[in-house]
Undergrad: 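Shown below is the structure under consideration.
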Amino acid sequence: MPDLTDKKTAGEIPAQRTETGAAPKQEKARSLGSDAWHDLRRKPIFVISALLILLLIVIAIAPGLFTSVDPRAGDLRLHYLTKPNYSHFFEADWFGYDLQGRSIYARVVYGARASVVVGITVTLGVTILGGITGMLAGYFGGWIDTIISRVTDIFFGIPLLLGALVILNAFTSRTIWSVVFALVALGWTQMTRVMRGSVITVKQADFVTAAKALGAGTTRILWKHILPNAIAPVIVVATIALGGYIATEATLSFLGIGLHHARRRGARRPRPEAPLREEVTTPMTTVIENDQKSDRLDVGTPLLEVKDLHVEFHTRDGIAKAVNGVNYSVAAGETLAVLGESGSGKSVTAQTIMGILDMPPGKVTQGEILYRGQDMLKMSNEDRRKIRGRKIAMIFQDALSALNPVLSVGYQLGEMFRVHQGASKAEAKAKAIELMDRVRIPAAKQRVNDYPHQFSGGMRQRIMIAMALSLQPDLIIADEPTTALDVTVQAQVMDLLAELQAEYNMGLILITHDLGVVADVADKIAVMYAGRIVETAPVHDLYANPAHPYTKGLLRSIPRLDQKGQDLYAIKGLPPNLLKVPAGCAFNPRCDVATDLCRTEIPALHHVTDKDGKELTGRRSACHLWKETLHG
């Protein structure tokens with residue numbers, strides 16, 4: 001029998017040789033993963049995306065490497081003083097400060113930790129749990145598939161957010177892992193359905209039958225043959241779901257039922273250069289120190305004067321004169337109501353007084369703002385910062401957005417005392433309870449740990465009032481404090497403001513568009529239109545006999561009991577575009593009695609007199625026809 005050991009097997013191709021006679025070195029075959037990596041790493045968009053994702057992961061793992069600022073520590077004045085400084089990389093003021101004076105950059109960095117950890121962990125959890133159950137249901141079928149499918153249907157019918165709220169309420173202490181558990185317990189069903197459908201398709205492939213024919217066990221078939229081919233749609237769904245889980249975690253925290261972060265140890269709090277208050281040991285009815293009380297002005301003493309104020313906004317379409325020569329004043333213990341339609345310049349004037357106007361695009365071109373005789377427009381930022389919050393405070397119209405949704409109201413009220421006075425946690429909480437009692441929050445001691453969403457709109461506004469009063473300023477600017485509140489609650493809030501104002505002898509500037517709100521609390525009224533004061537008067541005189549057609553129209557638009565069944569009056573037209581203010585009196589296109597003079601000449605703010613020519617105290621009108629309007 002011939003020896004075949006040196007013979008080439010049939011079909012074997014002889015190895016090619018190089019010129020030197022040596023066989024060429026064969027290239028090692030790449031797997032699908034290696035082949036994909038080989039292609040992806042040569043694409044710039046992939047490299048950039050991977051680096052960004054890596055950066056987010058590093059920030060989530062070690063936020064302390066990127067900032068040393070405590071994300072929960074705030075100084076209310078920093079929001080008004082400091083603008084974002086994009087040249088200060090990794091500094092507290094890089095992104096600026098929020099309304100509570102907390103570093104937005106620090107909150108972004110530390111917020112990434114919870115969001116990324118929860119999002120990735122939940123996605124991995126639901127993918128693993130849903131992948132295993134879906135693979136078992138799809139591969140084995142029968143009663144296993146029936147049981148898993150019915151359980152999946154039950155869980156799938158539970159809304160993710162609602163179910164998470166119920167589960168998390170069972171935890172006395174909510175951590176990242178309790179949130180992960182709640183979301184995984186409810187989110188696995190989607191992955192189960194996707195994996196089950198994919199496995200049912202893949203298990204019918206010929207290579208699975210071949211693997212069975214070769215005697216491969218069930219485990220090997222599942223992990224080596226079915227899983228690699230069925231996992232693709234699951235990965236796609238998981239990638240999409242990742243953003244949803246991050247959003248769900250944020251929503252739960254917004255509702256106050258998600259993460260309760262512990263204060264980061266060793267973090268640096270932003271502090272003012274000089275302490276604002278000494279330690280307070282007296283009851284809350286005497287929150288500030290005695291020497292500041294003695295510094296208060298007597299009733300009627302001029303507190304704030306705005307003189308010939310002009311504010312412009314430079315836009316692409318031109319210059320909008322939002323405030324055009326405004327003059328008004330408020331004394332200690334006095335309430336000035338500033339009225340007008342939206343866009344009349346009320347809030348811009350208030351923001352200019354507080355020093356929180358965005359500049360640019362805003363710009364103060366002329367005028368004075370005198371606080372106790374000192375022009376605040378000429379003060380340094382540091383000097384103005386000492387006045388804001390401590391001497392002049394502001395109540396914003398949207399209490400829900402102004403309050404941090406993930407911190408209790410007690411913490412937010414007490415934070416002012418911790419930051420400004422160095423109070424301990426227990427002292428700050430006690431003072432927060434006293435403040436809540438002072439503004440008549442029922443069961444303050446029991447509700448001090450509640451979150452903003454757990455309070456009604458009226459109660460949230462009371463909390464905002466308490467925050468403004470906590471340092472007992474000389475002047476409070478209340479910007480639409482009764483917006484979105486029902487009539488009964490509006491009256492309660494206004495009565496509370498009036499009572500506290502009288503008790504602490506504060507000046508009050510009340511900004512509103514509703515004449516009905518201020519009837520019982522204001523001492524005098526300034527009516528604004530198109531950036532100008534068009535009428536000023538003591539409140540009862542203005543209601544009884546207005547001296548400007550615009551004011552008259554506003555009064556006619558208020559529902560009256562003696563006009564039952566009649567159509568409600570409405571001023572025709574719309575407020576003017578501040579980029580194209582009409583010539584002459586800005587109100588002339590909407591005025592029923594306008595003359596040619598009104599269309600060509602801007603009226604001055606005249607002193608108003610009675611029929612005998614005697615000047616009426618505190619009354620002025622910017623109307624050529626004020627005599628006809630007043631004396632009819």
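Just so it is clear, the structure is predicted and the values come from calculations on it, not from any experiment. We're numbering straight along the sequence, starting at 1.
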Undergrad: Let me know which of V199, T127, T239 forms a side-chain contact (heavy atoms from CB on, under 4.5 Å) with V234.
TA: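 That would be T127; it is the only one of V199, T127, T239 passing the side-chain contact (heavy atoms from CB on, under 4.5 Å) with V234.
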Undergrad: May I ask you to decide if Y139's main-chain N or O and K203's side chain share a donor-acceptor pair within less than 3.5 Å?
TA: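 Present.
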Undergrad: Report the C-alpha distance between W223 and M135 in whole Å, list the side-chain angles of each, state the deciding distance to 0.1 Å, and finish with yes or no for side chain to side chain contact (heavy atoms under 4.5 Å, CB included).
TA: CA-CA 10 Å; W223 294 107; M135 195 160 49; 4.0 Å; yes
Undergrad: I'd like to know if the side chain of R196 reaches the main chain of G138, judged simply by a donor and an acceptor atom lying under 3.5 Å from each other, with no hydrogens or angles considered.
TA: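 Such a contact is absent between R196 side chain and G138 backbone.
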Undergrad: Below 4.5 Å, heavy atoms only, C-beta onward: do I392 and P473 meet side chain to side chain?
TA: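 No, their side chains stay 4.5 Å or more apart.
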Undergrad: Would you indicate whether the side-chain heavy atoms of I463 and V439 approach each other to under 4.5 Å?
TA: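 The answer is no, as the side chains (C-beta and beyond) never meet within the 4.5 Å cut-off.
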Undergrad: Under the side chain to side chain contact (heavy atoms under 4.5 Å, CB included) criterion, do V448 and V409 qualify, and how do the steps go?
TA: CA-CA 6 Å; V448 69; V409 296; 5.7 Å; no
Undergrad: Pair F181, L168 - check side chain to side chain contact (heavy atoms under 4.5 Å, CB included), show working.
TA: CA-CA 9 Å; F181 172 81; L168 288 173; over 6 Å; no
Undergrad: So do the side chains of F455 and I441 get within less than 4.5 Å of each other, counting heavy atoms only?
TA: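 In contact.
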Undergrad: Looking at every heavy atom in both A444 and D437, which two are closest together, and how far apart are they?
TA: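 Taking every non-hydrogen atom into account, CB-OD1, 3.2 Å.
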Undergrad: Going through the distances and angles, do R150 and D145 end up as a salt bridge (Lys or Arg N to Asp or Glu O under 4.0 Å)?
TA: CA-CA 8 Å; R150 297 294 79 78; D145 183 26; over 6 Å; no
Undergrad: For a quick test of reading the model, state the closest non-hydrogen atom pair linking L161 to T248 and the distance between them.
TA: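 For L161 versus T248, the nearest heavy atoms are CD1-CG2, 4.3 Å.
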Undergrad: So which heavy atom on A432 is nearest to which on G410, and how close?
TA: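 Minimum heavy-atom contact is CB-O, 3.5 Å.
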Undergrad: Please report the interatomic distance OG(S408) to CZ(R447), rounded to the nearest 0.5 Å.
TA: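 Here the rounded value is 12.0 Å.
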Undergrad: Identify the two heavy atoms, one from M459 and one from P442, that lie closest to each other, and give their separation to 0.1 Å.
TA: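 That closest heavy-atom pairing would be CE-CD, 3.6 Å.
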Undergrad: Starting at OG1 of T123, measure out to CG of L242 and round the result to the nearest 0.5 Å.
TA: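 One finds 4.0 Å between OG1 of T123 and CG of L242.
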Undergrad: Side-chain contact, heavy-atom cut-off 4.5 Å: L475 with M506?
TA: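 A side-chain contact under 4.5 Å is absent here.
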Undergrad: Under 4.5 Å between any side-chain heavy atoms of I477 and I353, yes or no?
TA: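 In short, these two side chains touch, coming nearer than 4.5 Å.
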Undergrad: Minimum heavy-atom separation for M394 and A350, please, with both atom names.
TA: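 Heavy atoms of M394 and A350 come nearest at CE-CB, 4.1 Å.
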Undergrad: Stepwise, does the side chain to side chain contact (heavy atoms under 4.5 Å, CB included) test hold for H225 with V202?
TA: CA-CA 9 Å; H225 298 278; V202 172; over 6 Å; no
Undergrad: Please check: side-chain N/O of Q190 versus main-chain N/O of G187, any donor-acceptor pairing under 3.5 Å?
TA: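 No.
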Undergrad: Within a strict 4.5 Å, meaning less than it, do heavy atoms of the I395 and I476 side chains meet?
TA: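 Contact flag for I395/I476 side chains = yes.
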Undergrad: Return the CZ to OG1 distance between R193 and T152, rounded to the nearest 0.5 Å.
TA: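 Output value for this atom pair is 7.0 Å.
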Undergrad: Taking the side chain as C-beta and beyond, is there a heavy-atom pair between L227 and M195 under 4.5 Å?
TA: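 L227 reaches M195 side chain to side chain.
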Undergrad: Taking all heavy atoms of A182 and all of I167, pick out the closest pair and write down the distance.
TA: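 Looking at all heavy atoms of both residues, the closest pair is CB-CG2, 3.8 Å.
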Undergrad: Return the CG to CD1 distance between L162 and I158, rounded to the nearest 0.5 Å.
TA: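 Output value for this atom pair is 8.5 Å.
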Undergrad: Any chance you could measure Y451, atom OH, to Y411, atom OH, to the nearest 0.5 Å?
TA: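 One gets 11.0 Å once the value is rounded to the nearest 0.5 Å.
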Undergrad: Between T133 and T192, do the side chains contain a donor N or O and an acceptor N or O under 3.5 Å apart?
TA: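 A donor-acceptor contact under 3.5 Å links the two side chains.
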Undergrad: Should I144 and I148 count as side-chain neighbours, where that means a heavy-atom distance under 4.5 Å?
TA: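 The answer is yes; the side chains approach within 4.5 Å.
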Undergrad: Supply the atom-to-atom distance S149 OG to I154 CD1, rounded to the nearest 0.5 angstrom.
TA: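 One finds 11.5 Å between OG of S149 and CD1 of I154.
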